There are 2 protein chains.
Amino acid sequence: MKTTSTAPRAAKAATATATATALKLYVVLARAQRAIGERTQADLVPHGISITEFAIMEALYHKGPLLLGEVQRKILVSSGGITFLVDKLAERGYVERKLCATDRRARYAALTRKGTALMKEIFPGHAAAICEAMSVLTQAEQKEMTALLKRLGKAAAGRDDT
Amino acid sequence: MKTTSTAPRAAKAATATATATALKLYVVLARAQRAIGERTQADLVPHGISITEFAIMEALYHKGPLLLGEVQRKILVSSGGITFLVDKLAERGYVERKLCATDRRARYAALTRKGTALMKEIFPGHAAAICEAMSVLTQAEQKEMTALLKRLGKAAAGRDDT
DNA sequence: CGTCTTCATCTTAGTACTAAGATTAATCGG
DNA sequence: CCGATTAATCTTAGTACTAAGATGAAGACG
């Protein structure tokens with residue numbers, strides 16, 4: 001009798017705790033991401049580059065010229081957004097558009113010499129800042145966390161390919 | 001001799017790997033946060049509430065009336081932002097401003113009945129969505145990750161109180 | 001007590017991006 | 001081949017928030 005009368009309450013308490021755990025996890029996840037993002041953004045401010053602009057340049061720096069749609073999907077912005085951002089980077093001389101030989105609708109975005117020079121200048125510092133931010137964790141912790149976050153992110157994005 | 005000639009290269013390779021690990025961690029962190037955020041935002045869309053507006057209401061729902069500055073610091077928006085957002089919520093009837101008895105400059109934000117009713121309606125779903133998102137991890141994994149992320153976030157935010 | 005400094009909130013101008021839609025081109029299917 | 005559908009990028013109007021600054025009040029200090 002005592003067992004049955006406490007069981008529903010115990011189950012509710014366990015659910016409330018699990019909920020609190022999950023909610024707390026999301027809060028600290030969002031906070032960590034924001035804090036690290038703000039740190040890396042600080043290095044971009046002197047160059048007048050936004051985080052998203054930097055992400056575009058980073059993608060082009062590491063992958064070479066990409067179709068606008070490819071960049072868009074990599075950095076997760078809207079189609080109008082990629083046009084806007086590439087326009088801005090092009091105005092600054094960091095990026096240029098190139099024709100696609102096989103599809104007349106499409107355009108490649110590519111770093112200019114100036115853009116490449118800027119990336120050569122600021123990327124090492126960016127990488128160092130990220131490294132420093134993550135250095136409160138051991139390499140093993142970083143790797144484990146990467147695996148867990150990957151799982152989280154993929155599930156939340158609706159992709160279940162592990 | 002062989003040891004000394006490979007050591008500098010080995011050190012560089014280890015650094016490059018550590019860098020890659022850290023960079024990768026940040027990418028998956030940002031991706032996970034974004035994906036979960038987008039999932040929770042989907043539930044707010046029918047109510048015409050932005051994530052930040054929801055965050056304000058959530059804070060008031062759980063903590064009761066708060067000074068505008070307190071809300072601001074809790075949800076990490078600018079001072080102009082809190083004014084703007086509370087204005088909007090007030091227009092919708094979800095939040096009201098109240099005078100502070102001890103400081104004529106200050107204002108409290110409080111949920112209205114309508115606002116409280118809305119939170120009663122949507123918060124359980126929100127909590128469930130977060131729980132579901134986190135459910136790919138065990139409770140133990142969630143707790144461990146919370147601890148690691150807390151460390152990360154605090155260090156990045158320049159607060160070292162563990 | 002009076003002056004200077006700091007604080008709490010609001011105002012204003014501006015920006016980064018989105019959603020919705022338009023235009024042109026490519027693909028698909030009968 | 002042709003019409004319908006889909007795709008790639010651009011255009012436009014709009015929104016959510018920020019940075020900078022203003023205003024009035026409170027606190028600090030000599």
Side-chain angles (χ1 to χ4, degrees), chain A residues 30 33-35 37-38 40-42 44-57 59-60 65-92 94-110, chain B residues 30 33-35 37-38 40-42 44-57 59-60 65-92 94-110:
Chain A
Q33 187 273 325
R34 181 197 182 105
E38 279 175 359
T40 61
Q41 185 180 20
L44 304 177
V45 169
H47 300 282
I49 300 262
S50 73
I51 281 200
T52 320
E53 285 170 335
F54 178 79
I56 292 173
M57 291 177 76
L60 299 176
L66 296 168
L67 294 176
L68 289 203
E70 288 174 326
V71 185
Q72 177 191 342
R73 284 185 292 275
K74 264 195 181 338
I75 68 171
L76 305 171
V77 296
S78 65
S79 88
I82 199 69
T83 299
F84 171 73
L85 291 157
V86 167
D87 280 353
K88 286 183 53 185
L89 289 170
E91 274 165 32
R92 310 270 289 291
Y94 294 134
V95 166
E96 61 192 343
R97 282 175 168 82
K98 293 174 184 269
L99 298 182
C100 173
T102 54
D103 187 335
R104 288 167 52 174
R105 302 168 297 181
R107 294 290 180 273
Y108 282 102
Chain B
Q33 187 273 325
R34 182 197 181 103
E38 278 174 1
T40 61
Q41 183 180 20
L44 303 177
V45 170
H47 299 283
I49 300 262
S50 73
I51 280 199
T52 321
E53 285 170 337
F54 179 79
I56 292 173
M57 291 177 73
L60 299 175
L66 296 169
L67 294 176
L68 289 204
E70 288 174 324
V71 184
Q72 178 189 345
R73 284 185 291 277
K74 266 195 179 336
I75 69 172
L76 305 173
V77 295
S78 64
S79 88
I82 200 69
T83 298
F84 170 74
L85 291 156
V86 167
D87 280 353
K88 286 184 51 187
L89 289 170
E91 272 165 33
R92 310 270 290 290
Y94 294 134
V95 165
E96 62 192 341
R97 282 175 168 85
K98 291 172 185 274
L99 298 184
C100 174
T102 55
D103 188 338
R104 290 170 49 179
R105 302 167 300 181
R107 294 291 181 274
Y108 283 103

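What you see is a predicted model; the values in this text were computed from it and never measured. Just so it is clear: chains get the letters A, B, ... in the order the sequence lines come, proteins before strands, and each one is counted from 1.
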> Of A:L85, A:T83, A:L89, which meets side-chain contact (heavy atoms from CB on, under 4.5 Å) against A:D87?
Replying inline: A:T83
> Which letter, B, S or -, goes with each nucleotide of nucleotides 4-13 of chain D from 5' to 3', with contact meaning a protein heavy atom under 4.0 Å?
Replying inline: ---BSBBB--
> Nearest-Å distance, CG (B:L66) to C1' (C:dT9)?
Replying inline: 15 Å
>> Rounded to whole Å, how long is the line connecting atom CD1 of A:I51 with atom P of C:dC17?
In response: 9 Å
> Rounded to the Å, how far apart are A:R92 CZ and C:dA16 C1'?
Replying inline: 13 Å
>> For a quick test of reading the model, state the closest non-hydrogen atom pair linking A:L68 to A:A109 and the distance between them.
In response: CD2-CB, 3.6 Å
> B:R104 has an atom CZ; how far is it from atom P of D:dT23, in whole Å?
Replying inline: 18 Å
> Could you state the CG-C1' distance from B:L76 to D:dA19, rounded to the nearest angstrom?
Replying inline: 17 Å
>> As a quick check of understanding, evaluate side chain to side chain contact (heavy atoms under 4.5 Å, CB included) for B:R107 and B:L67, giving each step before the final call.
In response: CA-CA 6 Å; B:R107 294 291 181 274; B:L67 294 176; over 6 Å; no
> Starting at NZ of B:K98 and ending at P of C:dT9, how long is that distance when rounded to a whole Å?
Replying inline: 16 Å
>> I need the minimum non-hydrogen distance between B:S79 and B:Q72, along with the two atoms involved.
In response: N-NE2, 3.2 Å
> What integer distance in Å separates B:Q41:CD from D:dA16:C1'?
Replying inline: 11 Å
>> Over all strands shown, is B:S50 touching base, sugar-phosphate only, or nothing at heavy-atom distances under 4.0 angstrom?
In response: sugar-phosphate
>> Test side chain to side chain contact (heavy atoms under 4.5 Å, CB included) on A:I82 and A:I56; report intermediate values, then the result.
In response: CA-CA 9 Å; A:I82 199 69; A:I56 292 173; 3.8 Å; yes
>> Pair B:M57, B:I49 - check side chain to side chain contact (heavy atoms under 4.5 Å, CB included), show working.
In response: CA-CA 10 Å; B:M57 291 177 73; B:I49 300 262; 4.0 Å; yes
> Which comes earlier along DNA chain C counting from the 5' end, the contact point of A:K88 or that of A:T102, where each point is its nearest nucleotide?
Replying inline: A:K88
> Just how far, in rounded Å, is C1' of D:dT15 from CD of B:E91?
Replying inline: 14 Å
